[in-house]
Amino acid sequence: MLKIERIQTGVIQENCYLIYNETNLLIIDPGAEAEKIAALIEKTGKKPIAILLTHTHYDHIGAVEELRHQYTIPVYVSPLEQEWLSNPVLNLSGLGRHNDIADIIVQPAEVEFEMTDYNLGGMSFTVVPTPGHSIGSVSFVFDDFVVTGDALFKESIGRTDLHTGDMQQLLHSIKTYLFTLPDEFPAYSGHGDATTIEHEKKTNPFFN
């Protein structure tokens with residue numbers, strides 16, 4: 001069974017996740033504080049094999065360069081947001097939202113996701129499109145949980161007032177690709193606490 005650990009990073013407490021089996025480890029959305037993330041990786045004793053990005057807003061990619069070079073591992077991203085990695089305006093780091101955030105420029109990802117099944121280091125998951133917060137947002141469906149990025153939060157959804165955001169598209173994404181998962185599935189989002197699919201179906205104000 002896979003294990004998942006959350007690390008809250010950066011000024012707006014973005015959730016980076018480490019997912020690992022007996023040997024290997026995936027890093028999802030390393031937003032900031034690379035040293036903090038690396039310290040927990042070392043504590044697990046597992047081998048990092050890839051960085052997976054749900055989307056490319058600055059608070060999800062700030063530690064990508066340091067970690068990809070420290071561990072010599074590839075980065076995976078939606079092709080729709082590949083160019084956002086190196087564009088501070090598109091990844092929102094260059095809009096002056098936080099005075100202590102420098103422009104973030106990440107080199108191109110080695111792999112562009114297809115919406116299909118993957119097996120990396122013995123860890124199987126499916127990449128599903130969940131746009132609406134941003135055009136290239138994806139979620140990762142593992143055997144018994146899902147990582148939703150900034151699509152679905154506990155009793156909320158991602159904001160849709162940013163570049164390429166679309167409220168109706170986001171609601172459709174969640175209904176189509178997340179609410180069709182088993183009710184008992186934990187959902188791990190890009191900010192805040194974990195929830196379950198059942199809880200969101202019953203209580204999320206955007207769907208009730």
Side-chain angles (χ1 to χ4, degrees), residues 1-68 70-71 73 75-77 98 101 104 106 113 118 120-128 130 133-134 137-159 174 177-178 181-200 203-204:
M1 180 176 290
L2 297 180
K3 293 189 176 182
I4 182 168
E5 295 200 39
R6 178 181 71 162
I7 312 164
Q8 291 184 298
T9 76
V11 294
I12 58 174
Q13 294 292 281
E14 177 268 347
N15 291 332
C16 168
Y17 293 103
L18 305 181
I19 296 174
Y20 55 93
N21 58 16
E22 297 81 1
T23 307
N24 299 311
L25 179 147
L26 300 170
I27 306 169
I28 296 182
D29 289 356
E33 300 183 82
E35 291 184 1
K36 179 179 179 180
I37 297 170
L40 186 53
I41 290 172
E42 298 308 313
K43 188 175 179 181
T44 70
K46 311 306 179 185
K47 179 184 177 183
I49 58 171
I51 295 171
L52 312 181
L53 301 177
T54 61
H55 65 296
T56 61
H57 287 156
Y58 75 94
D59 54 318
H60 292 251
I61 65 171
V64 167
E65 283 298 285
E66 290 180 70
L67 293 171
R68 86 195 302 183
Q70 180 172 347
Y71 296 109
I73 54 177
V75 176
Y76 289 66
V77 74
H98 300 282
I101 296 290
I104 294 174
V106 177
F113 280 124
Y118 285 82
L120 300 178
M123 293 171 279
S124 298
F125 60 96
T126 302
V127 181
V128 297
T130 47
H133 174 66
S134 68
S137 288
V138 297
S139 295
F140 306 125
V141 182
F142 289 82
D143 287 343
D144 53 8
F145 62 88
V146 58
V147 178
T148 63
D150 285 3
L152 179 67
F153 298 126
K154 184 176 182 179
E155 299 175 8
S156 189
I157 62 172
R159 60 188 294 182
I174 293 169
Y177 291 104
L178 301 180
L181 296 172
D183 280 350
E184 66 272 16
F185 257 44
Y188 297 97
S189 61
H191 302 271
D193 294 332
T195 183
T196 66
I197 298 301
E198 180 178 34
H199 183 81
E200 296 316 303
T203 68
N204 195 300

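The figures that follow rest on heavy atoms only: side chains count, while hydrogens, waters and symmetry mates do not.
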Please determine whether ring-ring contact (aromatic ring centres under 6.0 Å, His included) holds for the pair Y118 and F113, giving the CA-CA distance in whole Å, both sets of side-chain angles, and the decisive distance to 0.1 Å.
CA-CA 10 Å; Y118 285 82; F113 280 124; 5.7 Å; yes
Would L178 and E200 count as a side-chain contact (heavy atoms from CB on, under 4.5 Å) here? Give the steps.
CA-CA 10 Å; L178 301 180; E200 296 316 303; over 6 Å; no
So how far is it from [X] [atom1] to [Y] [atom2], rounded to the nearest 0.5 Å?
X    : Y    : atom1 : atom2 : result
K47  : L25  : NZ    : CG    : 11.5 Å
L26  : L2   : CG    : CG    : 8.0 Å
I12  : D59  : CD1   : CG    : 3.5 Å
I27  : I51  : CD1   : CD1   : 5.0 Å
H191 : T148 : NE2   : OG1   : 10.0 Å
I7   : I41  : CD1   : CD1   : 6.5 Å

What are the two closest non-hydrogen atoms of [X] and [Y], and how far apart are they?
X    : Y    : answer
G190 : F153 : N-CE2, 4.0 Å
S139 : T130 : OG-OG1, 3.0 Å
K46  : Y20  : CG-CD1, 3.7 Å

Quick check against the 3.5 Å criterion: does [X] have a side-chain atom that pairs as donor or acceptor with the backbone of [Y]?
X    : Y    : value
N21  : G121 : yes
D183 : I197 : no
K36  : Q8   : yes

Intermediate values then yes/no, side-chain contact (heavy atoms from CB on, under 4.5 Å), N204 and T195
CA-CA 11 Å; N204 195 300; T195 183; over 6 Å; no
Candidate list I104, V64, I61, V106, test side-chain contact (heavy atoms from CB on, under 4.5 Å), partner T56, passing option:
I61
F140 and side-chain contact (heavy atoms from CB on, under 4.5 Å): which partner among Y188, Y17, F145, F125?
F125
What I'd like to find out is whether the side chain of [X] reaches to under 4.5 Å of the side chain of [Y], using heavy atoms alone.
X    : Y    : value
D150 : E14  : no
F142 : I4   : no
H60  : L53  : no
H199 : E155 : yes
L67  : Q70  : yes
L120 : Y76  : yes
K3   : T44  : no
I37  : E66  : no

Assess whether atom CD of E184 is packed by more than 12 heavy atoms of other residues, nucleotides or ligands within 6.0 Å.
yes
Exceeds 12 heavy-atom contacts within 6.0 angstrom, atom OH of Y177
no
Is D29 paired with R6 through a side-chain N to carboxylate O contact shorter than 4.0 Å?
no
